[in-house]
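To start, the structure under review is shown below, and the notes come after it.
The basis for the numbers below is simple: all heavy atoms, side chains too, and nothing from hydrogens, waters or symmetry mates. Here is how names work: the chains are called A, B, and so on, in the same order as the sequence lines, proteins then strands, and each is numbered from 1.
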Number of protein chains: 2
Amino acid sequence: MSTSRTRPNLSQLATLLDVSAATVSNALSGKGRVSEELAERIRAKAAELGYMPSQAGRALRTGRTQVLGLVLPDIANPLFPQIAQAIEHAASNAGYGVLIADSRGDVAMQTKAIQQLQDRGVDGIVIVPRRGTRVADIGSPVAVIDSPSTPGNTVSADHWQGGQLVARHLLDLGHRDLLLIGNNPASNVQNDRIGGIKSCLPSSVRARVLWIEPHEEAHGKGCHLGLKERFEEGVTAFAAVSDLHALRALTELQGAGVRVPDEASVTGFDDLIWSSAITPALTTVRMDMETIAEQAISALTIVIEAQTAPDQEKSVLRLSKVAKADRTSVPMDLVVRQTTGPASSQAVKAPPAGDME
Amino acid sequence: MSTSRTRPNLSQLATLLDVSAATVSNALSGKGRVSEELAERIRAKAAELGYMPSQAGRALRTGRTQVLGLVLPDIANPLFPQIAQAIEHAASNAGYGVLIADSRGDVAMQTKAIQQLQDRGVDGIVIVPRRGTRVADIGSPVAVIDSPSTPGNTVSADHWQGGQLVARHLLDLGHRDLLLIGNNPASNVQNDRIGGIKSCLPSSVRARVLWIEPHEEAHGKGCHLGLKERFEEGVTAFAAVSDLHALRALTELQGAGVRVPDEASVTGFDDLIWSSAITPALTTVRMDMETIAEQAISALTIVIEAQTAPDQEKSVLRLSKVAKADRTSVPMDLVVRQTTGPASSQAVKAPPAGDME
DNA sequence: TCGCTACGCTTAATCGTTTAATCAAGCGCT
DNA sequence: AGCGCTTGATTAAACGATTAAGCGTAGCGA
């Protein structure tokens with residue numbers, strides 16, 4: 001084979017073309033002054049040899065690695081595939097690689113993970129913080145994806161509006177007695193979603209909130225949530241703030257003999273992978289991760305570029321390193337599937353034990 | 001604050017200590033000859049200033065970036081969190097960072113993704129290939145995590161043995177008529193799991209296989225799998241090769257009024273995040289991702305180090321770049337939860353009318 | 001004709017680290 | 001004293017890219 005064992009570098013390309021390495025660099029980057037004709041020859045040769053600049057050399061000289069860090073503190077977060085995929089895609093389009101760092105649920109390790117990323121020389125960091133964690137001012141440019149109500153948030157889904165979608169959908173179906181299911185009240189995301197739902201409900205509808213984590217602490221992990229009882233009390237719709245909890249609710253109801261959606265409706269959030277695979281398929285609210293990721297990355301790149309700009313030193317004083325996107329919140333979409341249906345049927349069916357309000 | 005704006009480098013450290021940069025390098029790496037006393041002084045100063053070597057500089061000189069690539073071709077694979085977390089952890093322990101590359105389910109993009117990783121200068125690549133994809137010989141060291149029956153596989157769970165666990169568990173419970181549920185017969189992993197199950201079954205038990213993807217092509221995506229009918233034909237246990245399909249089966253059965261585990265048992269594979277959260281909690285088979293990741297990474301690092309070793313050129317000819325682990329397959333563990341129960345009850349219970357037992 | 005600018009390219013310095021080559025000194029031996 | 005060997009440090013040359021500065025030539029206005 002004639003394919004060279006080792007990848008060509010600038011100077012090899014240069015000697016082959018009988019020009020200086022600098023010219024090749026200029027031609028390929030379009031920076032300096034190179035005649036169009038020569039530039040074309042250089043580009044051709046580069047393409048022919050499959051030349052790819054060494055990131056190491058470039059990084060050393062420019063101080064930029066073209067790599068971003070992604071830190072996902074929630075252990076085994078089922079959203080991870082969606083997030084990682086979207087971020088990777090957006091970053092890749094912007095010419096960045098993505099280095100992952102997992103802090104395994106440990107809040108203290110989050111700092112360590114960030115530190116390690118910085119030691120690796122990342123140009124910036126995308127953080128999806130653990131619930132409630134406030135991201136301190138790190139040395140590097142940072143984009144935070146959490147919730148609009150988190151201070152220092154860069155961009156995120158409009159969880160509040162997502163909640164409103166759920167509320168209106170259930171209202172339209174005639175539901176008047178809801179159980180909202182969350183995991184932990186310390187999460188900004190979950191609070192926004194629940195707040196959004198509540199904000200749409202007229203005072204005539206009853207809406208109670210069940211927080212799973214406190215409940216489990218009292219009754220043991222994996223315990224029943226007592227949804228059957230709520231159903232018998234008249235609750236016709238169960239709105240969870242995550243598909244994971246929606247799934248739990250759905251199976252618990254089904255197992256207790258409550259028919260979904262005929263007797264009770266269930267909704268979730270995030271459109272996780274299984275939501276469309278189960279029977280009945282889950283009605284949920286999806287976030288536009290593509291857009292969120294794009295916003296985060298573009299906001300981040302702006303900060304990164306401002307970083308190296310020799311500009312006014314004002315920037316050093318004024319410009320925070322945490323990125324600010326132009327669209328700080330991205331609307332969510334309601335995906336109506338089969339776990340929601342008209343409440344009227346329940347009203348008929350309610351009698352067994354409960355009463356109507 | 002007295003913390004310097006910019007991180008210290010070798011020469012700064014050197015001039016501060018009135019020695020040469022080379023000596024500092026030697027002292028910190030323990031390579032050259034440096035008096036213990038001086039070495040200690042150097043280490044102390046380095047620690048004091050929080051000196052961290054520039055990866056860029058080092059990479060340029062040594063040709064190694066201390067970064068591995070992780071390519072996950074299956075789009076939004078629900079295993080992703082587990083895999084990424086385990087790999088990241090193992091890699092981190094070995095001093096490597098992990099760069100992710102997602103080929104979004106597109107087989108052609110897998111090659112492109114690998115290419116990009118190589119352009120970024122990764123030292124090696126961990127691939128969890130898309131079903132059936134044979135990983136060609138890339139230029140870089142590679143570790144493949146798929147299934148023992150995949151040629152070129154480095155390490156993976158012992159899917160066959162996992163299947164045997166399921167079979168024996170169901171057999172012990174008295175099940176004699178099974179439906180095995182897979183997605184696509186082209187997957188080595190799924191075939192191994194099914195093969196393992198079958199290998200344990202005496203000829204007296206009936207075991208049919210339902211492949212979802214072909215079935216969906218015939219009946220439309222998200223269609224019913226007709227499990228109720230199978231149940232009525234006498235099937236008492238549904239063994240899926242993935243929790244995702246087990247979940248689908250479980251909800252379909254529950255929705256059709258079949259009680260699990262009283263009337264039918266369901267098992268899955270992989271212990272995905274939701275398996276323990278649903279009701280009833282899913283009996284499944286878990287792979288020891290920690291061990292798999294460790295094996296993959298350590299095998300990979302060996303190849304990487306062999307790479308730079310100036311050894312006999314024999315290695316260039318003989319030594320393949322695909323890593324070989326000492327434990328090529330890692331046993332799986334059965335996690336018995338609530339979706340499996342004795343088959344006898346069904347035999348009794350088969351008539352529609354309910355009783356308790 | 002002189003001086004100025006624009007063009008197109010080359011020279012050379014630089015980023016931070018590693019490492020082979022070198023060198024000075026000390027010490028034990030013959 | 002002279003030779004060889006070890007010890008502990010220094011020098012200098014890479015690695016591959018970017019980029020400011022320099023330099024010869026040509027065009028052009030004064």
Does either side chain, that of B/Ser20 or that of B/Thr23, offer a donor lying less than 3.5 Å from an acceptor on the other one?
yes

Looking at residues at least two apart in the chain, or sitting in another chain, which of them share a ring pair (Phe, Tyr, Trp, His ring centres under 6.0 Å) with B/Tyr96?
none

Which residues satisfy the side-chain contact (heavy atoms from CB on, under 4.5 Å) test with B/Lys112, sequence neighbours excluded?
none

Backbone of A/Arg64 reached by a side-chain donor or acceptor of A/Asp123 within 3.5 Å:
no

How would you summarise protein contacts on nucleotides 15-25 of chain D per nucleotide, using B for base, S for sugar-phosphate only and - for none, with heavy-atom distances below 4.0 Å?
BBBBB------

In whole angstroms, how far is the P atom of D/dG8 from the CG atom of B/Leu17?
18 Å

Could you state the atom-to-atom distance from CD of B/Gln12 to C1' of C/dT17 in whole Å?
14 Å

Scan side-chain atoms only and decide if B/Asp146 and B/Ser156 contain a donor-acceptor pair under the 3.5 Å cut-off.
no

